[in-house]
Amino acid sequence: MGSIRLAADRLHVSPSAISRQLAKLEREFDGQLVERRANGVELTEAGKVAAEHFAAIFDQVDLVKGEISDLLKLKAGSVSIATVEGISDPFLSEQIQAFRQKFPAIDFRVRIRGRERVLEALEQHLCQVGFVYDHFTHPMIEIVGQWQQPLLALAPPSHPLADGRRLHLGDLVEAACVLPDDSFGIHHLINRAFRKIAARPKPIMVADQLHFLIRHAVHTTSIVYVPLQAALREVEAGELVPLNLDCKDFDHRFIYAIVRRDQRRSPACEAFINALVSNFPKSEKLDARILKRLRGAQA
């Protein structure tokens, strides 16, 4: 036997509010759910069936609440990324490792591809966050972070133009170089810059992988045009050095963290974006120190 008054006290509502809700349910189900007696109320057979179903529904609600709580606390979840190659190693790899040390239950899926295919992956909901190089506008995509990454002309220290002299793009027209193919924004940026001086670069190799081009430049004493992050290991190892190139078109370039405007991002993805983007300013300063040290060594 139950009591509407006791139920009202536990729920901190008036007995009349409970009576109104019971009457509403009985109209909704077209049947009597409780029997009112002098000493309280008792569920009818229909009421018992309804109560069992409501209990199952409330159990599912509690389960959903628990799963959402786990996600909010980053006890579960995944992050899907599409990125250009230039940021993938070591920066992105290190950022994922640091994030998983803090939240080991979060897993990652990373697609490494050219700029246009990164945009396609976001458009087609194949990833939650993307990283691209160079400026763009896109009606479906917004920028959530940016990291200044000038495009550099890098060459082995033995290259005849790697002696620290001040260079202009015209000085590189006849120099052998290696270029990424036209799926890379870098390819189009380089060609636009050369067109401004009515010239064309002379690549001895075009490929769809920056790492391959960088290693080929090292082995063949060629120039390779990439941001510092793409060739950081080779630069720090002394295998490549930045030419002292004065080219405004190459200076103010950025790596952008991008997302779909209409996308509801998971808690894990949101937390990872915030962690990674917060490191962009520190990384810019570190890049500047590296370049300053290298320029000083060439002087």
Side-chain angles (χ1 to χ4, degrees), residues 59-134 136 138 140-147 149 180 183-186 208-212 214 226-233 236 254-284 286-287:
D59 284 344
Q60 288 298 314
V61 170
D62 288 340
L63 178 62
V64 171
K65 285 181 178 178
E67 290 180 355
I68 290 174
S69 177
D70 283 347
L71 284 172
L72 293 174
K73 295 173 183 175
L74 300 188
K75 293 181 179 178
S78 62
V79 181
S80 55
I81 299 168
T83 180
V84 292
E85 191 180 350
I87 192 179
S88 61
D89 185 35
F91 179 78
L92 186 57
S93 178
E94 291 172 349
Q95 293 298 308
I96 291 173
Q97 181 183 11
F99 190 82
R100 291 200 74 252
Q101 286 176 347
K102 189 174 182 182
F103 305 108
I106 305 300
D107 59 79
F108 285 80
R109 178 173 181 179
V110 180
R111 295 176 170 90
I112 300 173
R113 48 191 57 189
R115 178 178 177 276
E116 293 305 315
R117 294 194 64 200
V118 170
L119 297 176
E120 288 176 6
L122 273 175
E123 291 171 356
Q124 297 170 13
H125 299 268
L126 298 177
C127 69
Q128 298 165 303
V129 58
F131 298 95
V132 296
Y133 184 71
D134 203 15
F136 75 98
H138 194 294
M140 296 173 60
I141 292 172
E142 65 176 317
I143 297 168
V144 292
Q146 62 184 46
W147 173 8
Q149 278 280 298
S183 68
F184 287 79
I186 292 172
D208 64 355
Q209 188 185 74
L210 293 185
H211 178 71
F212 176 77
I214 290 165
V226 290
L228 177 62
Q229 281 299 308
L232 186 60
R233 285 195 174 92
E236 291 184 328
F254 295 83
I255 287 175
Y256 296 99
I258 56 177
V259 296
R260 281 180 59 94
R261 291 186 186 277
D262 61 354
Q263 184 180 25
R264 292 185 62 185
R265 294 183 290 278
S266 68
C269 180
E270 196 69 36
F272 178 69
I273 290 173
N274 291 338
L276 185 139
V277 168
S278 68
N279 282 315
F280 279 2
K282 180 172 65 176
S283 299
E284 279 190 15
L286 179 60
D287 289 348

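This is a predicted model, so every value here is computed, not measured.
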> Does a side-chain heavy-atom distance below 4.5 Å link Cys127 with Leu122?
Replying inline: yes
> Taking only residues two or more places apart in sequence, or in another chain, which ones meet Glu123 in a side-chain hydrogen bond (donor to acceptor under 3.5 Å, both in side chains)?
Replying inline: His138
>> With a 4.5 Å cut-off on side-chain heavy atoms, are Val79 and Ile106 touching?
In response: yes
Please list, one pair per line, the donor and acceptor atoms closer than 3.5 Å that link side chains of residues 81-93 to other protein atoms, with sequence neighbours excluded.
residue	atom	partner	partner atom	Å
Glu85	OE1	Leu210	N	2.6
Glu85	OE2	Leu210	N	3.3
Glu85	OE2	His211	N	2.9
Ser88	OG	Glu85	O	2.7
Asp89	OD1	Arg233	NH1	3.1
Asp89	OD1	Arg233	NH2	3.3
Asp89	OD2	Arg233	NH1	2.5

> What residues, two or more places apart in sequence or in another chain, satisfy salt bridge (Lys or Arg N to Asp or Glu O under 4.0 Å) together with Arg100?
Replying inline: none
> Does any non-hydrogen side-chain atom of Pro227 lie less than 4.5 Å from one of Ile186?
Replying inline: yes
> Taking all non-hydrogen atoms of both residues, which atom of Gly145 and which atom of Phe280 are closest, and how far apart?
Replying inline: C-CE2, 3.9 Å
>> Could you check whether any side-chain heavy atom of Gln128 comes within less than 4.5 Å of a side-chain heavy atom of Phe272, counting everything from C-beta outward?
In response: no
>> Gln101: which residues meet the side-chain contact (heavy atoms from CB on, under 4.5 Å) condition with it, sequence neighbours left out?
In response: Gln97
> Nearest heavy-atom pair of Ala271 and Leu74: which atoms, and what distance?
Replying inline: CB-CD1, 3.6 Å
> Pairs in or reaching into residues 267-279: which pass side chain to side chain donor-acceptor pair (under 3.5 Å), with residues at least two apart or in two chains?
Replying inline: Gln95-Asn279, Arg265-Glu270, Asn279-Lys282
>> Within the 4.5 Å heavy-atom criterion, are Arg261 and Ile141 side-chain neighbours or not?
In response: no
> Is any side-chain heavy atom of Phe184 closer than 4.5 Å to a side-chain heavy atom of Tyr133?
Replying inline: no
> Is Phe99 close to Leu276 at the side-chain level, that is, under 4.5 Å between some pair of heavy atoms?
Replying inline: no
>> Contact between Gln146 and Val277 at the side-chain level, heavy atoms closer than 4.5 Å - yes or no?
In response: no
> Mind checking what makes salt bridge (Lys or Arg N to Asp or Glu O under 4.0 Å) contact with Arg260, not counting sequence neighbours?
Replying inline: Asp262
